[in-house]
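This structure is a prediction, so every number in the text was calculated from the model and none was measured.
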Amino acid sequence: MNHKSTTLLFFSPTATTRTVLEKIAQGMGKPVAEVIDITRPDIRNRPVPDLTDQVLLIGAPVYAGRLPKVAADYFKNLKSSGTPAIPLVLYGNREFEDALLELKDILDRAGFSSVAAGAFIGEHSFSTEDFKIATDRPDNRDLERAYAFGQKISTLMETAEKADDLASFDVPGNFPYRERKKMGPVEFIEVSDECDECSTCVAVCPVNAIDKTKGYATLDPICIHCCACIKACPRGARIMKEGPFKDITRWLFDNYTARKEPQVFFPGSAGPRE
Ligand SMILES: Cc1cc2nc3c(=O)[nH]c(=O)nc-3n(C[C@H](O)[C@H](O)[C@H](O)COP(=O)(O)O)c2cc1C
């Protein structure tokens, strides 16, 4: 089976998912036909792309052991008849729990043939200067592994006659999946006097939750707590307040800073491989 090009499809508010997918695509060694970044809401309203004759690299972050609902809802609209796909999740060095299984299940149900899968580590969205969690990941070591994984996928696909021959392997996770956590309403972001109203936060928000007319406040029921606005603010004017999110951040810092390594899965991989 020889694939001509790869399509990248991802939801990635703080860009770690994107970075890893791009590196895997490089390792696969074929041209990237299309990059579909569904992080911004306007893109998610466009028709779902036709992925015939592509290999799909598809990824999202782990939110409370699941896919972010906004990404899962989009992915559920995809359809295929046998397009090879590689489901990937990025997690912040705690656990990925049911997220990879959830993504693989969505793809399998939509008619894709998952030929390999992976869980990589990205800087935790809640990581701050004071409480660093997986800071600067994916780092060079992760990216070397991502590249090598891409090469491995290419070899697997070249040696298989059709995607179906590769489509039988398991990934960790449980069904029924972990129940989605309801974290709101929690006003967890404070806007300091440093804000110069540049609107970078508005531009990066995946759900249009920032209201310019109210001092760039975050609209609570809409916010998905991705922290893209905090990380993107050029003046550091958006700050995580004391409260439940800061408490979670401290708990992560106390318990989940020991380095975890990427895990990849493919037919014949008996379990987690580096
Ligand atoms: C609301 C929320 C929940 C999260 N839940 C988890 C989790 O359950 N386990 C984990 O290890 N990381 C968790 N993370 C961290 C992200 O999965 C991680 O930072 C990821 O690399 C972000 O991907 P992105 O850069 O593509 O947005 C969570 C982040 C957010 C914003």
Side-chain angles (χ1 to χ4, degrees), residues 3 6-12 14-30 32 35-38 51 54-63 65-68 71-72 75 78 83-108 110 112-124 134 137-158 160 163 166-174 177 259-274:
H3 81 279
T6 309
T7 287
L8 269 55
L9 171 58
F10 53 81
F11 179 77
S12 185
T14 61
T16 62
T17 306
R18 175 186 198 128
T19 304
V20 168
L21 261 65
E22 285 174 346
K23 194 47 97 177
I24 295 171
Q26 277 179 28
M28 287 168 70
K30 295 281 160 70
V32 171
V35 176
I36 307 162
D37 177 355
I38 60 156
L51 297 161
Q54 297 287 313
V55 173
L56 177 67
L57 270 182
I58 177 168
V62 176
Y63 283 6
R66 298 283 305 272
L67 294 177
F75 295 157
L78 296 170
T83 300
I86 297 110
L88 295 147
V89 293
L90 265 280
Y91 71 105
N93 205 57
R94 189 184 69 77
E95 300 288 349
F96 59 95
E97 292 170 289
D98 304 332
L100 186 59
L101 178 66
E102 184 183 5
L103 181 51
K104 184 171 179 292
D105 285 348
I106 290 173
L107 294 170
D108 290 352
F112 290 86
S113 293
S114 297
V115 299
F120 283 72
I121 294 92
E123 174 168 317
H124 202 293
R137 293 189 72 185
D139 57 15
N140 285 342
R141 213 159 112 192
D142 294 314
L143 294 177
E144 276 166 23
R145 285 176 183 194
Y147 189 88
F149 181 43
Q151 289 177 313
K152 171 87 195 173
I153 295 165
S154 235
T155 311
L156 278 171
M157 292 188 55
E158 275 160 24
L166 293 173
S168 176
F169 66 98
D170 292 326
V171 298
N174 293 306
Y177 312 127
R259 183 184 177 96
K260 293 196 171 161
E261 297 296 344
Q263 295 179 44
V264 297
F265 310 90
F266 43 82
S269 69
R273 297 261 182 102
E274 285 184 11

Handout entry: Flag side-chain contact, heavy atom, 4.5 Å: Val35 against Phe10
Key = yes
Exercise for the section: May I ask you to test the Ile121-Pro262 pair for a side-chain heavy-atom distance under 4.5 Å? Expected result: yes
[X] (side chain) donor-acceptor with [Y] (main chain) under 3.5 angstrom:
{"X": "Thr16", "Y": "Ser12", "value": "no"}
{"X": "Asp139", "Y": "Asp142", "value": "yes"}
{"X": "Lys104", "Y": "Phe169", "value": "yes"}
{"X": "Glu123", "Y": "Arg137", "value": "no"}
{"X": "Ser154", "Y": "Met28", "value": "yes"}
{"X": "Asp98", "Y": "Asn174", "value": "yes"}

Mind listing the closest non-hydrogen atom pair of [X] and [Y] along with its distance?
{"X": "Pro87", "Y": "Leu107", "value": "CB-CD1, 3.7 Å"}
{"X": "Gly118", "Y": "Leu100", "value": "O-CD1, 3.6 Å"}
{"X": "Phe265", "Y": "Pro172", "value": "CZ-CD, 3.4 Å"}
{"X": "Leu8", "Y": "Ala25", "value": "CD1-CB, 3.8 Å"}
{"X": "Ala99", "Y": "Arg66", "value": "CB-C, 3.6 Å"}
{"X": "Ile153", "Y": "Ala116", "value": "CG1-CB, 4.0 Å"}

Completion exercise
Those residues at least two apart in sequence (or on a different chain) that pass side-chain hydrogen bond (donor to acceptor under 3.5 Å, both in side chains) with Tyr147 are none
Problem - More than 12 heavy atoms from other groups under 6.0 Å of CG on Asp108 - result: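 Result for CG/Asp108: enclosed.
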How many angstroms lie between atom [atom1] of [X] and atom [atom2] of [Y], to the nearest 0.5 angstrom?
{"X": "Thr19", "Y": "Leu90", "atom1": "OG1", "atom2": "CG", "value": "8.0 Å"}
{"X": "Asp37", "Y": "Arg18", "atom1": "CG", "atom2": "CZ", "value": "5.5 Å"}
{"X": "Phe96", "Y": "Leu103", "atom1": "CZ", "atom2": "CG", "value": "12.0 Å"}
{"X": "Met157", "Y": "Lys30", "atom1": "CE", "atom2": "NZ", "value": "8.0 Å"}
{"X": "Ile24", "Y": "Thr6", "atom1": "CD1", "atom2": "OG1", "value": "11.0 Å"}
{"X": "Phe75", "Y": "Asp105", "atom1": "CZ", "atom2": "CG", "value": "14.0 Å"}

Problem - Basic-acidic side-chain contact under 4.0 Å: Glu144, Lys23 - result: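 Not counted as a salt bridge, because no side-chain N and carboxylate O are separated by less than 4.0 Å.
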Practice task
Test side-chain contact (heavy atoms from CB on, under 4.5 Å) on Leu88 and Ile58 and set out the steps.
Solution key: CA-CA 6 Å; Leu88 295 147; Ile58 177 168; over 6 Å; no
Practice task
Pick out which of Val55, Val264, Leu21, Leu56 makes a side chain to side chain contact (heavy atoms under 4.5 Å, CB included) with Ile86.
Solution key: Val55
Exercise for the section: Classify the ring geometry between Tyr63 and Phe11 as parallel (under 30°), tilted (30 to 60°) or perpendicular (over 60°). Expected result: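 The rings of Tyr63 and Phe11 stand perpendicular, inter-plane angle above 60°.
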Practice task
Would you sort out whether Leu57 and Thr7 count as a side-chain contact (heavy atoms from CB on, under 4.5 Å), showing the intermediate values?
Solution key: CA-CA 6 Å; Leu57 270 182; Thr7 287; over 6 Å; no
Problem - Ring-face cation of Lys260 near Phe120 (centre distance under 6.0 Å, axis angle within 45°) - result: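 No, Lys260 does not lie over the aromatic ring of Phe120.
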